[in-house]
Amino acid sequence: MYFVWERCCLQVRSPHNAGAEWQAGWISKSLIKTNPEQASDAAGELLKGKNKKNVELVTSVARAYLDVGQLKEAETYLEMARKADNKAPAVSVLEGDIAFARKDIGKACQLYEQAIYFDSNYKDAYLKYAQAYKSASPSQAIEKLNQLKAIAPDCLEADKELAEVYYATNRFGKAADTYAKFIDTPVATEDDILKYAFALFLNHDFEKSLAVAQKGLQKNARHAAFNRLVMYNNVDLKRYDEAEKAADAFFNASDNADYSYLDYRYHGALLSALKKYDQAIEEYGKALEKDESQVDLWREIADAYELKNDYTQAIAAYKKYYDSLAQDKKTSENLFQLGRLYYGEGTSSDTLSVQSADRMAALQAADSVFALVAEQAPDSCLGDMWRARTHSAMDPETTEGLAKPYYEKVVDVLLAKNEPRYNSALIECYSYLGYYYLLKSDYATSKEYWNKILAIDPTMPQQTRHWTASNSNNFSCLSCREEWRVILNSSFFVAGSPLEAVIACGSPWVKCLSVSSHTSRKGDVGEILMLGNLLDRLIGILQKIFDVFDHIIVYPLEGCLSADLFADGGKIFGSNTQLTRIIGNRTFFHLGAGQQVEESLE
């Protein structure tokens, strides 16, 4: 006996004996609703004689009434089915379905269990039990489905129900694995394929989710949910060109799209990655209109403004984010990010957008925020470390040593922790303090700090390290092809210059020296004579240089006197025999235009 639904009707076909004629009867659902008397007559005609004992036929008629919500009539035919065979599992399942329709889930599941008791291989009872409990008690639903799988390992309907339970309870890894077992079979619907793609996405298997979503689009290119997933996955895979195409399809070529805040959020993230910051900010705004409770969007708006160097708007947006947080979410880490934005404004290289007075105001605001961070997290050095960096930015020449007390405080905290993970922070502190004492001509103390760095990492002289000595002198290690750069000008040659201090200190950092002249060739004769009068001073310093440095690299910058000062045959110093004698056989590179250090050292 089996049943086929067609044109909203129940068609009953029943082969009893070989060669027997098919018996068929029709009960229209619309007829049950519009003319219940006629429907009842049709059912009575169908269930005459021996058909009264046909449990499958009687329960099917009962289901026709159950499916249109006429529970009393369904119960009438349930009684008829009971009289036919009260131990038939189909009867218990029907009674359970009526109980479920009355929202009595406990009774329904007892009846499904009863059906399994009557016939342990009756699959429909297991499936109905799981469907009833998948929301109320997912663990019981899973247990029952696993029991079914134990007796029927190839039951795809069990896999389908298991996948839905796992999906509904956010176990997306298990859901994806289970969907995969039946997704390429006739059991799978479009909704199953969509949930499979989403389960993979939510389980961060973006590559596979993308493939499933693209497969869905092959059948329906205008399917909004599949277009959404293609955009999401490409964004997370950082395939921004493909994501942009998918976004266009999703927002402009999808049917019945219902946009959520997350759609606009992903689109904003995509546009930000494409450096279309103004459009990104607009999309984040749309996301907030959809769901203003998503306060994290203000942080993303702040990020977008920061990336376009609009620190004023970035700070305003981040304040909205911070102010909207619950008190327990206003952590020192979240507060720190506000200070970091002020610090970014104060150290911005964009001199057009950020004026000098604004920089100092921003640095002062940053210091105030970092002070609060230090107060809220006294066991962390985060606040004081960034106060040190902020004060260093306030005192770029290190003439006042504004950052010194903060770096010293950080050193005390980190030494007490005695953990290797803080070594890089200690090196930063020691670098500043070493340089501070170098500028104070306290070479012994300065050298102590360099040695402390070497005690942490003996390979440090072979690693790149950099700091700014003043506006006209930048230093970094050349052992790995980075450069210590000294800009030649008249102030460079005076006693106590930064270079002389480095030489006197005997810094272990320096193996090479790069010298670039920033003195313009357009200078008049008087300027050249001034440099000529400094020859003796230059020779004295070069002699000291060769006591420390292995190499000199001279960069002839465009419009400068480097070549004239150092190259053989130079207009001023090239033929000076004393200078040539000092250079001697030492390694000396004079780079041509466009030539790289690496080329000259080969």
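In what follows, every heavy atom counts, from backbone to side chain, and hydrogens, waters and symmetry copies are set aside.
At distances below 3.5 Å, not a single donor-acceptor pair connects side-chain atoms of Lys195 with backbone N or O atoms of Glu164. With hydrogens and angles disregarded, a donor-acceptor distance shorter than 3.5 Å links the side chain of Ser324 to the backbone of Lys320. Side-chain atoms of Asn227 come within 3.5 Å of backbone N or O of Ala221 as a donor-acceptor pair. Using modelled atom types, one side-chain atom of Asn234 and one backbone atom of Val230 make a donor-acceptor pair closer than 3.5 Å. With hydrogens and angles disregarded, no donor-acceptor distance shorter than 3.5 Å links the side chain of Ser272 to the backbone of Gly268. Asp395 places a side-chain N or O within donor-acceptor distance of the main-chain N or O of Gly401, the cut-off being under 3.5 Å. Here the side chain of Asp177 pairs no donor or acceptor atom with the backbone of Lys174 at under 3.5 angstrom.
Around NZ of Lys149, the count of heavy atoms belonging to other residues, nucleotides or ligands within 6.0 Å exceeds 12. More than 12 heavy atoms of other shown residues, nucleotides or ligands fall within 6.0 angstrom of atom CD in Glu408. Other residues, nucleotides and ligands contribute only 12 or fewer heavy atoms inside 6.0 Å of the NZ atom of Lys275. Residue Lys286 qualifies as enclosed at atom NZ: its count of foreign heavy atoms under 6.0 Å is above 12. Residue Asn256 places its CG atom among 12 or fewer non-hydrogen atoms of other residues, nucleotides or ligands, all under 6.0 Å distant. Within 6.0 Å of the CG atom in Asp258, the count of heavy atoms belonging to other residues, nucleotides or ligands does not exceed 12.
At least one cation-pi condition fails for Lys128 and Tyr112: the charged atom is not both under 6.0 angstrom from the six-membered ring centre and inside a 45 degree cone around its axis. In this structure, Lys308 forms no cation-pi arrangement with Tyr277, as its terminal cationic atom is not both closer than 6.0 Å to the ring centre and no more than 45° off the ring axis.
Checked options Leu200, Asn233, Asp236, Leu237; the residue passing with Glu207 is Leu237 (criterion: side-chain contact (heavy atoms from CB on, under 4.5 Å)).
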Thr178 vs Val165, side chain to side chain contact (heavy atoms under 4.5 Å, CB included): CA-CA, chis, key distance, verdict:
CA-CA 10 Å; Thr178 311; Val165 176; over 6 Å; no
Start with the C-alpha gap between Arg102 and Lys107, add the side-chain angles, then the distance that decides, and say whether side chain to side chain contact (heavy atoms under 4.5 Å, CB included) holds.
CA-CA 10 Å; Arg102 295 189 184 280; Lys107 181 179 179 180; over 6 Å; no
Between Met394 and Glu400, does the side chain to side chain contact (heavy atoms under 4.5 Å, CB included) criterion hold? Intermediate values first, please.
CA-CA 10 Å; Met394 292 178 180; Glu400 299 180 57; over 6 Å; no
Go through it in stages, so that I can follow the logic: the residues are Tyr311 and Tyr305, the test is ring pair (Phe, Tyr, Trp, His ring centres under 6.0 Å), and I'd like the CA-CA distance, side-chain angles, deciding distance and then a yes or no.
CA-CA 7 Å; Tyr311 282 98; Tyr305 276 121; over 10 Å; no
Stepwise side chain to side chain contact (heavy atoms under 4.5 Å, CB included) test for Leu145 and Tyr126:
CA-CA 6 Å; Leu145 289 167; Tyr126 292 91; 5.5 Å; no
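Asp384 and Ala374 make their closest contact through OD1-CB, 4.0 Å (heavy atoms, listed as atom of the first residue, atom of the second, distance). When every heavy atom of Asp263 is checked against every heavy atom of Ser260, the shortest pair comes out as OD2-N, 2.8 Å. Here the shortest heavy-atom pairing between Leu156 and Val187 reads CB-CG2, 3.9 Å. Closest heavy-atom contact between Tyr321 and Val295: CD1-O, 3.3 Å. Minimum heavy-atom separation, Phe182 to Ala163: CE2-CB, 4.0 Å. Closest non-hydrogen pair, Cys109 versus Ala132, comes out as SG-CB, 3.7 Å.
Here CZ of Arg389 is found 12.0 Å from CZ of Arg340. Values are rounded to the nearest 0.5 Å. Taking OH of Tyr261 as the start and CD of Glu292 as the end, the distance is 14.0 Å to the nearest 0.5 Å. Note that CG of Asn423 and CD1 of Ile453 are 11.5 Å apart. Values are rounded to the nearest 0.5 Å. Atoms CG and OG1, from Asp191 and Thr189 in turn, are 5.0 Å apart once rounded to the nearest 0.5 Å. The structure places CG of Asp412 at 11.5 Å from SG of Cys381, a figure rounded to the nearest 0.5 Å. In this structure, the separation between CE on Met231 and CZ on Phe251 is 4.5 Å, given to the nearest 0.5 Å.
A salt bridge links Arg265 and Glu300; the closest N-O separation between the charged side-chain nitrogens and carboxylate oxygens is under 4.0 Å. Comment: Lys417 does not engage Glu419 in a salt bridge, judged by the lack of any side-chain N to carboxylate O separation of less than 4.0 angstrom. A salt bridge is absent between Arg299 and Asp303; no separation between the charged side-chain nitrogens and carboxylate oxygens falls under 4.0 Å.
Not counting sequence neighbours, the partners of Tyr266 by the ring-ring contact (aromatic ring centres under 6.0 Å, His included) test are Tyr232. The side-chain contact (heavy atoms from CB on, under 4.5 Å) check on Ala425 picks up Met385, Leu414, with sequence neighbours excluded. Residues satisfying the ring-ring contact (aromatic ring centres under 6.0 Å, His included) test with Phe206, not counting sequence neighbours, are Phe201, His204. Judged as a ring-ring contact (aromatic ring centres under 6.0 Å, His included), and not counting sequence neighbours, the contacts of Tyr430 are Tyr449.
Residues Glu161 and Tyr129 form no side-chain contact, since every pair of their non-hydrogen atoms from C-beta on lies 4.5 Å or further apart. Tyr436 places none of its side-chain heavy atoms less than 4.5 Å from the side chain of Tyr407. Inter-residue side-chain proximity for Phe100 and Ile105 is flagged as met; some heavy-atom pair is nearer than 4.5 Å. Taking 4.5 Å as the limit, every side-chain heavy atom of Ile281 sits out of range of all side-chain heavy atoms of Leu271. Contact of the Tyr406 side chain with the Thr390 side chain is not registered, since no non-hydrogen atoms from C-beta on lie closer than 4.5 Å. With contacts defined as side-chain heavy-atom distances shorter than 4.5 Å, the pair Tyr166/Phe172 does not qualify. Side-chain contact between Glu143 and Tyr133 is absent, with no heavy atoms from C-beta onward closer than 4.5 Å. Under the 4.5 Å side-chain criterion, counting only non-hydrogen atoms from C-beta, Tyr167 is in contact with Phe198.
Looking at Gln147 and Lys144, their side chains do bring a donor and an acceptor atom within 3.5 Å of each other. No hydrogens or angles considered: nothing links the side chains of Asp310 and Gln313 as a donor-acceptor pair under 3.5 Å.
By the 30° and 60° cut-offs, the orientation of the rings of Trp386 relative to Tyr343 is perpendicular.
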Could you list the donor-acceptor pairs under 3.5 angstrom formed by side chains in residues 210-218, with sequence neighbours left out?
unit_1, atom_1, unit_2, atom_2, d
Lys215, NZ, Asp184, OD1, 3.0

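For Tyr259 and Phe250, the ring centers are positioned less than 6.0 Å apart.
The side chain to side chain donor-acceptor pair (under 3.5 Å) analysis of residues 360-382, with sequence neighbours excluded, yields the pairs Asp367-Arg387, Asp367-His391.
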